[in-house]
Amino acid sequence: MKIALLGYGKMGKTIEKIAIDRGHEIVLKVTDDIESKDLSQVDVAIDFSVPSAAFKNITACFKQQVPVICGTTGWLEQYDEAVELCKTQKAAFLYASNFSIGVNLFFDLNQKLAKLMAPFKDYEIEIEEVHHTQKLDAPSGTAITLAQQVIANSSKENWKLDTAAENEIPIYAKRVDDVPGTHTISYKSEIDSIEITHTAHSRAGFALGAVIAAEWIKDKKGVFSMKEVLSGLS
Ligand SMILES: NC(=O)c1ccc[n+]([C@@H]2O[C@H](COP(=O)([O-])OP(=O)(O)OC[C@H]3O[C@@H](n4cnc5c(N)ncnc54)[C@H](O)[C@@H]3O)[C@@H](O)[C@H]2O)c1
Ligand SMILES: O=C(O)C1=N[C@H](C(=O)O)CCC1
């Protein structure tokens, strides 16, 4: 498969290694404005760039009919618009806040725990995410997904960074040296606490998941999620 990497930083470089190991070829690397780039030789584009570039990169792929996998976080206010454009242009698009298989299992666990805990109002919920100091967005996309899952399965109505009212989930974002990504959901009462944590030991899991998603989307049209990719693997 011929892959374009949109963004060639920490993730772009990790994806390159894994893609080559799996027999793919990197035919284009984009590190600035995509405007004049020719994608005609590209089978799938993988975007791990910056929040300010993601929407433009994705819609350029739609225009040139190149399926696009997007892992960039921090641009979600334009997600619904991207979905509509993908549909009208009959393109292919998959965004995930986290491509690691472990985190996608953790998402299922989070949903189940939220349902279990919903009747027990003595427990206060909070989410903590820890990432490296170069991260541009806070809270992490993964923490937002985790919060959205709890909201869908409890009486909480919203999430907020650092502080929260009664009906909100606080998300605490910490930035520490080279941490690839750690997420914890805690339920605390006077009597006890229940916590679940996912700890990434490197970026390999994110990159492998993105390459698997690229292999999966290659000849498809539509808007997809990691759930659909992983259901084919289990
Ligand atoms: N979904 C996931 O599983 C997952 C995992 C890790 C990181 N991320 C996200 O991926 C993104 C990239 O992370 P990173 O650690 O590689 O960041 P990084 O800062 O190391 O790399 C970003 C790269 O994007 C490039 N860039 C800047 N403007 C660009 C443009 N207009 N077009 C294309 N590239 C451009 C920069 O030159 C840089 O090389 C972040 O949003 C991060 O949150 C997502
Ligand atoms: O390193 C990052 O940046 C990460 N971003 C994603 C997020 O915002 O959730 C996934 C974890 C790593």
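First listed ligand is number 1; within each ligand, the first listed atom is number 1.
Contact between K135 and ligand 1 is present, with at least one heavy atom of the residue lying under 4.0 Å from the ligand. Not a single heavy atom of I34 sits under 4.0 Å from any atom of ligand 1.
Of all atoms in ligand 1, listed by their number and element, those nearer than 4.0 Å to a heavy atom of V30 are 33 (C), 34 (N). Ligand 1 places these atoms under 4.0 Å from at least one heavy atom of N98: 1 (N), 2 (C), 3 (O).
Contact annotation for P180 and ligand 2: only backbone heavy atoms (N, CA, C, O) come within less than 4.0 Å of the ligand. When non-hydrogen atoms are compared, ligand 2 lies under 4.0 Å from the backbone of S140 as well as from its side chain.
No hydrogens or angles considered: a donor-acceptor pair under 3.5 Å links the side chains of N98 and T142.
Closest to atom 1 (O) of ligand 2 by heavy atom, among R203, H132, E129, is H132.
Checking only distances, G141 does come within under 3.5 Å of ligand 2, N or O to N or O. Looking at ligand 1, you won't find any N or O of T72 less than 3.5 Å from one of its N or O atoms. The shortest N or O to N or O distance between S100 and ligand 1 is not below 3.5 Å. Considering backbone and side-chain atoms together, T142 places an N or O closer than 3.5 Å to an N or O of ligand 2. Polar contact with ligand 1: present for A96 (N/O pair, distance under 3.5 Å). The shortest N or O to N or O distance between K135 and ligand 2 is below 3.5 Å.
Summary of contacts: the protein heavy atom closest to atom 31 (N) of ligand 1 is A53 CB, 3.2 Å.
For K121 (side chain) and A118 (main-chain N/O), a donor-acceptor pair under 3.5 Å exists by modelled atom type.
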